[in-house]
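Everything below concerns the one structure shown next.
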Amino acid sequence: VAGATLFLDLDHNGLLDAGEPTATTDASGGYTFTDVVPGDYQVRYVTNASTLARAFTADQTRLFQAIRGTDDIVVIQELDPFTGEVLNQFDPPLPNATGIGLAAKGDRLYYSRSGAIDVLDADDGMVLDTIAISTGTRDGLAIIGDRAYVQHYNQNTIDVVDLVTQRIVDTLDIGLA
């Protein structure tokens, strides 16, 4: 990919922070970091403005992102976590959703949207299960153990969903934005 911005993730947080070395890929996708001490580094890339959500697996060996194309349709991509190269791409269950969340756990992706959390096979995007939740703008999702935490943007709350019983077990008030 030509023109991509790469960086050395010195603090391993997946974000470009002040002082971290950067490079831009050339026409053939090559890049060089200058003024860097020899050693082992994590090379990451800066996402573009169309990126809606990103999700790493716990061991950080797989990276997924949901992006909105110029046609306003969302696709999910698996990326090489070090180079940013697109390894796989598939449509989510509702590709025109406006507010979404994305989380990864093992071989599954969790895709939240208004009214549902879709459990997807991380390899091909096949819907394995759909968990009904309340409607509204959803734009954040985290999976911790057997619980999903789904941000309800307009109400400043987080619904806690038990993934085993597939029910909302708590709602956390996160205050005013």
Side-chain angles (χ1 to χ4, degrees), residues 1-7 9 12-15 25 28-29 31 42-153 158-169:
V1 176
T5 301
L6 305 174
F7 65 98
D9 191 9
H12 306 285
N13 69 354
L15 304 171
T25 57
S28 65
Y31 60 92
Q42 283 190 341
V43 178
R44 305 276 190 196
Y45 80 102
V46 177
T47 61
N48 60 38
S50 64
T51 301
L52 302 173
R54 296 178 83 190
F56 276 102
T57 54
D59 61 5
Q60 294 195 357
T61 59
R62 297 182 81 180
L63 169 63
F64 298 88
Q65 71 177 4
I67 63 167
R68 186 174 308 282
T70 56
D71 57 0
D72 214 28
I73 299 297
V74 175
V75 295
I76 296 175
Q77 297 177 327
E78 181 173 4
L79 308 173
D80 182 298
F82 300 104
T83 67
E85 175 188 358
V86 176
L87 303 174
N88 190 15
Q89 178 173 303
F90 48 85
D91 294 328
L94 188 61
N96 59 350
T98 54
I100 64 158
L102 188 67
K105 181 179 179 186
D107 61 353
R108 296 185 177 195
L109 287 178
Y110 296 82
Y111 178 81
S112 66
R113 55 184 172 83
S114 182
I117 299 172
D118 296 303
V119 184
L120 311 176
D121 183 301
D123 294 325
D124 59 16
M126 181 186 300
V127 177
L128 303 172
D129 201 358
T130 298
I131 302 168
I133 57 176
S134 58
T135 60
T137 304
R138 307 295 176 159
D139 67 346
L141 176 66
I143 304 295
I144 303 172
D146 287 332
R147 300 272 167 108
Y149 296 81
V150 187
Q151 182 177 351
H152 192 295
Y153 176 77
I158 295 176
D159 289 337
V160 181
V161 179
D162 184 307
L163 296 173
V164 176
T165 64
Q166 298 191 353
R167 298 190 185 279
I168 296 174
V169 295

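Positions are given from 1 along the sequence.
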Spacing of CG belonging to Leu109 relative to CE belonging to Met126, to within rounding of 0.5 Å: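 Answer for the CG-CE pair, Leu109 versus Met126, is 13.5 Å.
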
Nearest-0.5 Å distance, CD of residue Glu85 to CD of residue Gln77: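 Output value for this atom pair is 11.5 Å.
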
Between [X] and [Y], is any pair of side-chain heavy atoms under 4.5 Å apart?
{"X": "Asp162", "Y": "Arg167", "answer": "no"}
{"X": "Ile76", "Y": "Leu120", "answer": "yes"}
{"X": "Ile143", "Y": "Arg108", "answer": "no"}

Nearest non-hydrogen partners of [X] and [Y], listed with the distance:
{"X": "Tyr110", "Y": "Leu141", "value": "O-CD2, 3.1 Å"}
{"X": "Arg113", "Y": "Asp118", "value": "NE-OD2, 2.6 Å"}
{"X": "Ala122", "Y": "Phe64", "value": "O-CE2, 3.6 Å"}

The single option from Leu63, Leu87, Asn88 passing side-chain contact (heavy atoms from CB on, under 4.5 Å) against Leu79: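 Going through the options one by one, the only one that passes is Leu63.
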
Main-chain N/O of Gly145 paired with Lys105 side-chain donor or acceptor, under 3.5 Å: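 Yes, because the side chain of Lys105 sits within donor-acceptor range (under 3.5 Å) of the backbone of Gly145.
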
Partner residues of Glu78 under the side-chain hydrogen bond (donor to acceptor under 3.5 Å, both in side chains) criterion, sequence neighbours left out: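 side-chain hydrogen bond (donor to acceptor under 3.5 Å, both in side chains) list for Glu78, sorted by chain: Arg62.
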
